[in-house]
Amino acid sequence: MVSLLCFHSKYMKINKYNNLVFALLFGLGLSAQAQTKQWTLEECVRYALDNNITIKLSELDVKNAAIDKKDAFGNYLPSVNGSASHSWNVGLNQNITTGLLENQTTQYSSVGLSVGVDIYKGLQIQNTYRRTKLSIIASQYQLVKMQEDISLNVANAFLEILFNKENLKVKKEQMIIDEKRFARSEEMVKAGTIPRGDLYDLKATVATDQQAIIVAENSLLISKLSLAQLLQLKDFTDFDVIDDTNVKDENNILAQNPVDIYNKAKEIRTDLKIAQTNLEIAEKNVAIAKGAYQPTLSAFYNFNTRASYSDIVTGSVPNTLNPTSQIGYVEGTNQSVLTNNYSPVLGSPDGILDQFSNNKGQSFGFQLSVPIFNGFSVRNNVERNKVSLEKSKIDLEQKSLDLQRNVYTAFTDAKGALNAYESSTVTLEARQQSYNYAKEKYDVGLMNSFDFTQAQTLLTNAQSDLIRTKYDYMFKIKILEFYFGIPIVPVIQK
């Protein structure tokens with residue numbers, strides 16, 4: 001009995017231990033699942049390219065352009081139309097079988113088929129088809145441009161979050177330092193080392209730090225919201241990005257010559273490709289408009305047949321009620337000239353299919369249309385398209401000039417951002433040393449609170465400048481790489 005109780009006690013302890021281990025592992029699993037996913041820049045760009053509404057609209061434009069191409073190809077094909085009708089005629093009308101006017105109700109059915117094809121139309125059909133193929137290319141370029149723009153916007157928003165996170169971190173660290181100084185100053189006031197007025201200054205400094213933290217937290221929240229909206233995220237309450245503070249010029253883009261970057265950009269930039277394609281489309285529009293000056297030749301074929309549901313005349317019998325009719329007189333004798341009267345014998349009409357076969361008719365031929373005068377509409381349309389062509393040429397030239405200016409501006413901005421970042425690094429080191437020296441003097445009572453606060457403010461400003469210049473340099477490098485053909489992330493297919 002005692003052994004059984006001991007066994008039961010050991011079993012209960014082991015079971016409790018297993019339950020504790022299971023609960024611990026389960027809790028750790030839930031904690032791991034509850035951790036907020038931190039998005040990388042590549043994940044953000046990929047997700048935006050798959051879900052952004054503007055990109056989806058551009059994809060629909062590509063589909064519309066493909067449908068327009070199908071329409072243009074259909075112009076090469078003949079048009080075929082069939083028709084069928086069934087009618088009732090009530091009252092006095094002509095019987096199409098007997099040719100007599102009768103007060104009756106008749107029914108008729110008719111079937112028709114018409115075929116038409118354009119043989120020559122001033123090459124408008126061919127040029128329209130070529131224009132639609134160019135429109136597809138233009139819409140595809142426009143989609144790529146939209147992807148590039150969204151990628152840049154995502155990268156900018158991503159770096160903005162990193163900047164605000166690091167700025168918030170600096171603000172919190174500064175507040176911790178100020179709170180420690182405030183606590184130490186309270187002891188120094190009690191000891192009579194520093195006046196009480198310095199304590200009030202430090203208390204105001206801590207309050208200012210709290211306000212700065214609130215502003216930094218709001219800026220971080222707004223930047224996260226902006227990126228989440230670019231990604232079309234429905235739930236962005238726990239949205240966060242991974243901390244990536246690499247500021248190296250990995251592709252050594254600043255070692256390139258601005259001329260080389262510009263020449264490379266002319267080959268790959270989507271803006272120029274869109275402008276060039278629009279120029280080619282404008283040239284096709286002029287050719288299409290000029291095609292209206294030329295004659296058009298078309299061919300046609302028509303088929304029709306009909307059927308009636310009225311009785312038809314199958315024979316005749318003598319009219320017993322009125323056997324003869326006078327049709328004239330013999331000159332000189334005035335003798336009447338008579339003819340026999342007959343009554344028609346009506347029978348059922350032929351079968352519908354037989355009537356369709358017997359009553360069918362066909363027509364075919366060619367039609368030539370020569371434009372002579374149309375109120376100057378063709379000429380005005382040609383002139384209008386020529387103006388559009390000139391505008392496209394100017395737009396292409398302007399895009400090339402804009403690209404050159406943007407490349408040189410981006411190169412200069414990246415150089416300046418690097419210099420600013422390096423200068424901020426040196427400044428921060430000097431401010432940190434100055435602050436450490438001021439702190440030592442303040443701790444021994446050789447510096448008043450106002451001068452020490454000034455040193456601390458200069459250090460805080462130097463830290464903020466370093467953060468700002470760092471992320472400004474990172475984004476400027478991304479823009480310069482973008483012009484050189486290096487994508488934000490390798491996901492855009494041109």
Side-chain angles (χ1 to χ4, degrees), residues 40-42 44-45 48-49 141-164 166-167 223 226-227 230 244-279 394-428 462 464-494:
T40 64
L41 176 58
E42 182 174 347
C44 290
V45 173
L49 296 183
Y141 284 150
Q142 192 65 43
L143 174 60
V144 173
K145 183 180 183 302
M146 191 60 61
Q147 292 174 335
E148 293 172 343
D149 292 343
I150 293 297
S151 298
L152 277 178
N153 291 337
V154 169
N156 186 29
F158 188 91
L159 294 177
E160 185 71 19
I161 293 177
L162 295 183
F163 166 76
N164 288 323
E166 196 161 340
N167 185 53
S223 60
S226 299
L227 181 55
L230 279 175
D244 185 5
T245 57
N246 182 19
V247 294
K248 295 181 180 179
D249 183 9
E250 297 178 349
N251 296 297
N252 201 21
I253 189 66
L254 289 177
Q256 298 289 335
N257 189 292
V259 177
D260 296 333
I261 298 177
Y262 171 63
N263 292 332
K264 181 72 173 181
K266 285 197 300 183
E267 298 175 0
I268 63 174
R269 282 300 299 140
T270 317
D271 305 66
L272 290 184
K273 292 181 179 180
I274 293 175
Q276 179 63 42
T277 307
N278 288 336
L279 175 60
I394 295 174
D395 181 65
L396 176 59
E397 183 179 358
Q398 184 63 50
K399 286 291 192 300
S400 180
L401 294 175
D402 291 343
L403 179 61
Q404 185 180 32
R405 183 182 67 251
N406 292 338
V407 167
Y408 277 85
T409 301
F411 186 84
T412 304
D413 288 345
K415 281 279 190 182
L418 175 60
N419 294 332
Y421 173 65
E422 292 175 346
S423 298
S424 297
T425 303
V426 175
T427 301
L428 178 59
S464 300
D465 287 341
L466 179 64
I467 297 172
R468 178 184 57 80
T469 55
K470 178 175 70 172
Y471 288 105
D472 182 61
Y473 168 65
M474 291 174 64
F475 186 66
K476 296 296 175 53
I477 286 295
K478 288 292 183 183
I479 293 178
L480 193 59
E481 291 176 344
F482 174 72
Y483 282 117
F484 196 64
I486 303 174
I488 303 299
V489 293
V491 295
I492 301 177
Q493 300 295 331
K494 293 192 178 182

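Since this is a predicted model, take the numbers as computed values, not measurements. These values consider heavy atoms only, across backbone and side chains, with no hydrogens, waters or symmetry-generated copies.
Looking at heavy atoms from C-beta onward, Leu159 lies in side-chain contact with Leu162 at the 4.5 angstrom threshold. In this structure, the side chains of Asn419 and Glu422 come closer than 4.5 Å at one or more pairs of heavy atoms. A heavy-atom distance below 4.5 Å is not found between the side chains of Leu480 and Phe484. Under the 4.5 Å side-chain criterion, counting only non-hydrogen atoms from C-beta, Ile253 is not in contact with Phe411. For the pair Met146/Tyr141, no side-chain contact is recorded, criterion being any heavy-atom separation below 4.5 Å from C-beta on. Side-chain contact between Leu227 and Ile161: present, with at least one pair of heavy atoms (C-beta onward) separated by less than 4.5 Å.
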- Message: Assess the residue pair Asp472 and Arg468 against the criterion (salt bridge (charged side-chain N to carboxylate O under 4.0 Å, His left out)); give the C-alpha distance rounded to whole Å, side-chain angles, the decisive distance to 0.1 Å, and a yes or no.
- Response: CA-CA 6 Å; Asp472 182 61; Arg468 178 184 57 80; 5.6 Å; no
- Message: Using the rule given for side-chain contact (heavy atoms from CB on, under 4.5 Å), can you reason through Leu152 versus Glu148, listing the C-alpha separation, both sets of side-chain angles and the distance that settles it, and then say yes or no?
- Response: CA-CA 6 Å; Leu152 277 178; Glu148 293 172 343; 6.0 Å; no
- Could you walk me through whether Val45 and Phe158 pass side-chain contact (heavy atoms from CB on, under 4.5 Å), step by step? CA-CA 10 Å; Val45 173; Phe158 188 91; over 6 Å; no
- Item | Evaluation steps, side-chain contact (heavy atoms from CB on, under 4.5 Å), between Leu466 and Thr425 | CA-CA 6 Å; Leu466 179 64; Thr425 303; 3.4 Å; yes
- Given the rule in the salt bridge (charged side-chain N to carboxylate O under 4.0 Å, His left out) test, do Asp402 and Lys399 qualify, once you have shown the distances and angles that lead to the verdict? CA-CA 5 Å; Asp402 291 343; Lys399 286 291 192 300; 5.7 Å; no
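Lys478 pairs by the salt bridge (charged side-chain N to carboxylate O under 4.0 Å, His left out) definition with nothing, not counting sequence neighbours. Considering only residues two or more places apart in sequence or on other chains, Thr469 meets the side chain to side chain donor-acceptor pair (under 3.5 Å) condition with Ser424.
Taken from CD in Glu166 to CD1 in Ile467, the straight-line distance is 4.5 Å, to the nearest 0.5 Å. To the nearest 0.5 angstrom, Thr412 atom OG1 is 9.5 Å from Lys415 atom NZ. Atom CD1 of Ile274 and atom CG of Leu396 lie 12.0 Å apart (nearest 0.5 Å). In this structure, CZ in Phe475 is found 14.5 Å from CZ in Phe163, a value given to the nearest 0.5 Å. Lys145 NZ to Lys273 NZ: the interatomic distance, rounded to the nearest 0.5 Å, is 14.0 Å. To the nearest 0.5 Å, the span separating CG on Leu418 from CG on Asp413 amounts to 12.5 Å.
For Asn153 (side chain) and Asp149 (main-chain N/O), a donor-acceptor pair under 3.5 Å exists by modelled atom type.
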Listing, residues 254-268 side-chain donor-acceptor contacts under 3.5 Å, not counting sequence neighbours, or none:
{"residue": "Asn257", "atom": "OD1", "partner": "Val259", "partner atom": "N", "Å": "2.8"}
{"residue": "Tyr262", "atom": "OH", "partner": "Ser400", "partner atom": "OG", "Å": "3.2"}
{"residue": "Asn263", "atom": "ND2", "partner": "Val259", "partner atom": "O", "Å": "3.2"}

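Ion pairing between Lys476 and Glu481 fails under the 4.0 Å rule for side-chain N and carboxylate O.
With hydrogens and angles left out, the side-chain atoms of Glu160 and Tyr471 include no donor and acceptor closer than 3.5 Å.
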